[in-house]
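Worksheet for the structure shown next.
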Amino acid sequence: MARLTPPAAAATPARRSGQGPVRAVPVARPPEPRSLHWCKTTDPDLRLPELPAGTDARVLLPDGDAFDDLRARLTESGVAHRSVRHWIEDEVITTVGVDALTVTTALTSKNRRDWGGPTADGRALDARDAFAAVWDAHGPVEQVDSVPAADLVPAEWLDHLPFPVLNPAQAHAAPAVLGSTGHLVITAPTGAGKTVVGMLAVLKAILGEGRKAAWLVPQRSLTDELDRELASWRGRGLRVERLSGEHLTDAERVRAADLWVATTEKFEAICRASSLQAALAEVGCLVVDEVHLLGAPERGPLLEALLARVRGAGSPVRIVGLSATVSNAEEIASWLGGELVATTWRPTTLTWQLPQIPATSDRTTDSQMRTRVAVDLTRQVTADGGSVLVFCGTKPNVRTTALAIAASRGAPTAGVHIDDTDRLHRVCASVGVGLHYKDWDHKREAEERFRARDWDVLVATTTVAAGVNLPARAVVVRDTRVGLDDVDVATVLQMFGRAGRVGAGERAGWAYLVTSELERANWQAALVDGYAVHSQIHESLPDHVLAEVVQGRVTTVAEAEAWWLRTLCHHQGDQDTEPVVSAVLFLVENGYLSVAEQKVVATELGLLTARLMVGTQVGAALRAALAKVDPPHDPDVAEDVLIALVALLVPELAHAPVAEPLRPAVATIVKAGGRRDLLRPSTAVSGLGSSVTCAPGDLAKAALLLVAHSPQLFARGGRVVAGLPQSTLFPVLDQAPRYLAWLAAQGYTRTAHPWVAVVAGDLARRVRWRRLGPGRGAGRLLWMCEQMAPAPHTDEDVPRLWQAARSRGVAAPDWPHTTPPRGCRLDQGEYLALLRDRCTGAELTPTSVTGLTAGVLVAWKGEETAGTAVVDSAEVDLPSAVDAAVFTRRGDHKATGALAAYQAIDERVGNS
């Protein structure tokens with residue numbers, strides 16, 4: 001079969017970095033026929049030019065007392081004007097004295113207005129439309145009344161709703177949700193109360209139809225938030241289970257639940273678990289929060305593949321998608337085979353502006369200017385009694401900006417470094433400034449105190465806090481890049497939507513995106529157009545085809561092509577089925593699928609890959625690279641080689657961001673091989689150029705080398721390990737075990753060399769339980785502890801079982817006791833079954849094994865291997881073999897030669 005050829009990338013307009021988003025499909029706008037002169041100003045001395053009779057003249061200006069004279073002059077001249085609080089833009093849009101509509105914009109400055117040159121292309125039309133949106137938002141407002149919930153909702157459901165009335169957006173959607181059974185896409189501005197609409201859909205399924213429901217959200221933080229909102233349902237007899245990567249849940253409770261609140265990734269993992277298929281069949285409604293994330297490069301493809309299964313008029317599962325307003329919502333509803341219910345009602349007005357800074361190629365100068373604007377805007381809003389949410393593209397920018405805002409409030413910031421997190425927290429908290437990002441130790445406190453308005457400023461990352469309900473009067477988006485990538489329009493609109501939320505006691509909101517003069521026009525165009533959802537499934541197509549095969553919905557190439565016809569990508573015009581055929585070929589060539597009698601079947605490797613949700617292309621690259629490595633004869637070398645390849649070839653590890661001040665520490669750890677005794681001042685990487693010594697994967701390599709060779713450092717519980725904050729290491733050490741576990745399980749499937757499986761299995765558990773300081777060979781004992789403490793008790797019980805075993809000198813799961821130890825969650829029968837699933841008692845030679853209840857034997861000499869299934873005993877036909885290993889399905893192993901180092905804890909590594 002031919003090798004998969006990736007589909008050609010769609011052509012996009014050329015653009016230099018730092019110029020803002022590209023408008024994918026320019027919106028056609030007719031030329032301006034009017035004589036028009038519209039002006040945004042912050043100048044109280046503004047003088048308009050002589051305007052021809054009949055000119056549509058308008059002015060947007062600040063509402064302060066300093067502009068009273070200007071308002072009087074404009075009124076006397078008959079010029080329409082509207083005053084806006086917290087106004088900071090200067091822009092002129094005119095047809096007066098020019099051949100076509102032009103726009104001229106000034107830099108944002110407190111002391112002067114530096115005007116750029118006039119522009120007379122589509123950007124002027126975008127500026128006109130942006131002006132019109134603000135003008136209309138600050139005009140007369142039609143009052144729309146709320147509706148008693150009892151008028152639309154069955155009486156027995158009312159106690160499940162948070163309020164006795166429905167706002168206009170909820171009342172508009174309720175008849176469609178409650179009066180039909182078809183798919184729906186509900187669009188409304190952020191803050192319009194879409195959660196209540198989701199509640200109605202769920203209650204209809206559970207209470208009205210006696211079926212289960214699932215509510216999908218894009219981020220872990222949102223499962224927490226939604227779980228809190230639904231807490232009262234448990235008291236009314238509904239079984240609500242929260243499912244996300246950081247919450248271990250009992251499988252029986254999952255099966256019994258009425259409602260699952262889950263991330264898309266976790267729900268897909270449930271779909272791939274055969275033990276839960278019966279429960280899935282009872283799901284009658286799938287509520288999809290933020291359904292517009294179908295167009296997100298990272299989360300969109302998985303959501304698209306999931307919805308492709310259940311879309312269509314004849315589906316037994318109803319999809320109710322909730323979204324902020326998107327420009328092609330009708331297309332999404334059409335793809336689902338459902339109805340669009342759209343409303344533009346919002347309980348508060350929202351005014352967005354684009355502060356403009358000078359363009360510069362110096363990143364430090366650019367960052368300083370962005371910080372200065374953020375500080376100025378924060379000061380202006382808080383001085384007026386408002387709260388401010390500042391979004392930054394990186395964690396260092398969060399800390400830098402928070403410290404600058406604290407300094408502007410008179411906090412004693414001298415000598416406080418942004419990496420000294422304890423002092424940073426204290427000094428910012430002292431003046432009401434909170435910080436928020438995934439690994440910030442005080443983020444829960446920051447959320448609570450900001451919501452309570454004990455603190456009136458919160459500085460957060462764009463990727464985390466945009467999904468958390470943290471309303472404010474004003475939002476300042478400091479950065480137009482997240483890490484190395486441009487922030488997308490949907491994310492900016494989502495962040496803007498946090499401004500002026502009713503939950504914050506506001507009636508109006510202000511949002512600011514700090515832009516350079518090179519990118520402002522593109523951002524204005526993108527925000528005027530709004531966000532359009534476009535499929536992103538091409539890049540990860542083999543992953544989704546494999547998932548369909550594993551779940552039994554695709555068994556032939558023809559069925560794969562039929563599945564493709566159900567995708568959003570096809571609906572949006574991609575008629576070519578060649579990509580899906582190529583995806584099947586790729587999966588076959590790389591061992592994920594096999595072909596027999598025209599049927600495609602998932603191999604053991606395919607089943608494993610789908611279950612652990614490892615990307616098929618990443619997996620293929622890892623296996624190919626490891627296959628080229630001669631089996632190492634030394635455990636240190638084996639771990640170092642495995643770590644280097646995993647760190648480099650897994651994208652989310654390779655591209656983990658490293659703050660510039662931390663790069664010398666990363667380079668020093670890599671240079672020392674993660675060994676504590678070599679981490680001395682004399683070996684530190686420093687001097688000219690030290691800040692750019694990090695290559696892709698170096699942070700992951702440093703983190704994993706520390707776990708492998710200096711596990712004691714993690715047992716101390718400090719916030720800094722070898723000069724790196726735990727918060728910097730966490731994203732790597734949170735993700736790496738999944739890939740290592742995938743490699744480890746391939747010992748049993750015989751799809752990876754035994755040295756890879758044994759080393760990866762040991763390292764995977766040492767990484768996961770790093771706070772216990774486990775040394776080499778600890779993986780088997782940790783495996784036993786995990787087996788005795790099934791979810792949801794694993795996180796709590798494993799450390800106790802580990803400490804009890806270590807205090808008795810136990811170094812491996814090979815004890816003879818047939819009575820479960822104290823703290824074991826298994827009953828007697830389950831415990832005895834576990835004992836039989838160990839490799840304890842197995843006698844190995846290079847070509848045979850005896851005393852193994854069941855498993856797999858693999859023998860090898862160099863790269864040459866031979867394997868066979870084992871029931872009690874077995875032999876392999878490889879007379880020249882020098883080493884052998886056995887693996888059980890449940891996860892234990894035993895090996896000869898250099899790999900024997902992983903059979904019990906090496907007391908010299910880790911001092912465990």
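Computation of the quantities below employed the complete heavy-atom set of this structure, encompassing side-chain atoms and omitting hydrogens, waters and symmetry-equivalent molecules. The first residue in the sequence is number 1, and the count goes up from there.
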Approximate separation, where rounding is to 0.5 Å, of [X] [atom1] and [Y] [atom2]:
X    : Y    : atom1 : atom2 : value
T749 : L607 : OG1   : CG    : 10.0 Å
L729 : L704 : CG    : CG    : 9.5 Å
T888 : L852 : OG1   : CG    : 7.5 Å
R623 : L649 : CZ    : CG    : 13.5 Å
Y592 : L605 : OH    : CG    : 5.5 Å
W755 : D630 : CH2   : CG    : 10.0 Å

Are side-chain heavy atoms of [X] and [Y] found at a separation under 4.5 Å?
X    : Y    : result
P725 : F730 : no
P711 : R770 : no
D883 : L899 : no
L679 : L706 : yes
L216 : L286 : yes
H442 : T421 : no
H709 : D636 : yes
P846 : T896 : no

Has the side chain of [X] got a donor or acceptor atom that lies under 3.5 Å from a matching backbone atom of [Y]?
X    : Y    : answer
R808 : A804 : yes
R780 : Q903 : yes
R800 : G823 : no
H633 : G897 : no
K212 : A257 : yes
R825 : H793 : no
R239 : A256 : yes
R806 : V810 : yes
T794 : A789 : yes
W783 : R890 : yes

Heavy-atom closest pair, residues [X] and [Y]:
X    : Y    : result
P737 : V767 : CG-CG1, 3.6 Å
F714 : A703 : CZ-O, 4.3 Å
A760 : L743 : CB-CB, 3.8 Å
P821 : M788 : CG-SD, 3.6 Å
W769 : P799 : CZ3-CD, 4.1 Å
A305 : E548 : O-OE2, 4.2 Å

Next on the checklist: Atom CZ of residue position R822 - does it have more than 12 heavy atoms of other residues, nucleotides or ligands inside 6.0 Å?
Outcome noted: no
Next on the checklist: Before you tell me yes or no, could you show the steps for Y748 and L608 under side-chain contact (heavy atoms from CB on, under 4.5 Å), namely the whole-Å CA-CA distance, both residues' side-chain angles and the distance that decides it to 0.1 Å?
Outcome noted: CA-CA 11 Å; Y748 185 83; L608 171 68; over 6 Å; no
For residues [X] and [Y], is any side-chain donor paired with an opposing acceptor at under 3.5 Å?
X    : Y    : value
D762 : H893 : no
W742 : T609 : yes
R738 : Q735 : yes

Next on the checklist: Listing request: all salt bridge (Lys or Arg N to Asp or Glu O under 4.0 Å) pairs with a residue in residues 866-879, at least two apart in sequence or in separate chains.
Outcome noted: none
For the pair [X] and [Y], find out whether any cationic side-chain nitrogen is under 4.0 Å from an anionic carboxylate oxygen.
X    : Y    : answer
D224 : R242 : yes
D258 : R234 : no
E268 : R309 : yes

Next on the checklist: Which label fits F267 and W260: parallel for a plane angle under 30°, tilted from 30 to 60°, or perpendicular past 60°?
Outcome noted: tilted
Checklist entry - Where do L302 and H544 land on the side-chain contact (heavy atoms from CB on, under 4.5 Å) test, with the steps shown first? => result CA-CA 7 Å; L302 187 65; H544 309 299; 4.2 Å; yes
Checklist entry - What residue among V240, V202, L222 forms side-chain contact (heavy atoms from CB on, under 4.5 Å) with W215? => result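 Checked V240, V202, L222 against W215; only one passes side-chain contact (heavy atoms from CB on, under 4.5 Å): V202.
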Checklist entry - Where do V759 and V641 land on the side-chain contact (heavy atoms from CB on, under 4.5 Å) test, with the steps shown first? => result CA-CA 10 Å; V759 175; V641 169; over 6 Å; no
Item to check | Worked check of side-chain contact (heavy atoms from CB on, under 4.5 Å) between E225 and E447 | outcome: CA-CA 11 Å; E225 186 173 305; E447 287 182 27; over 6 Å; no
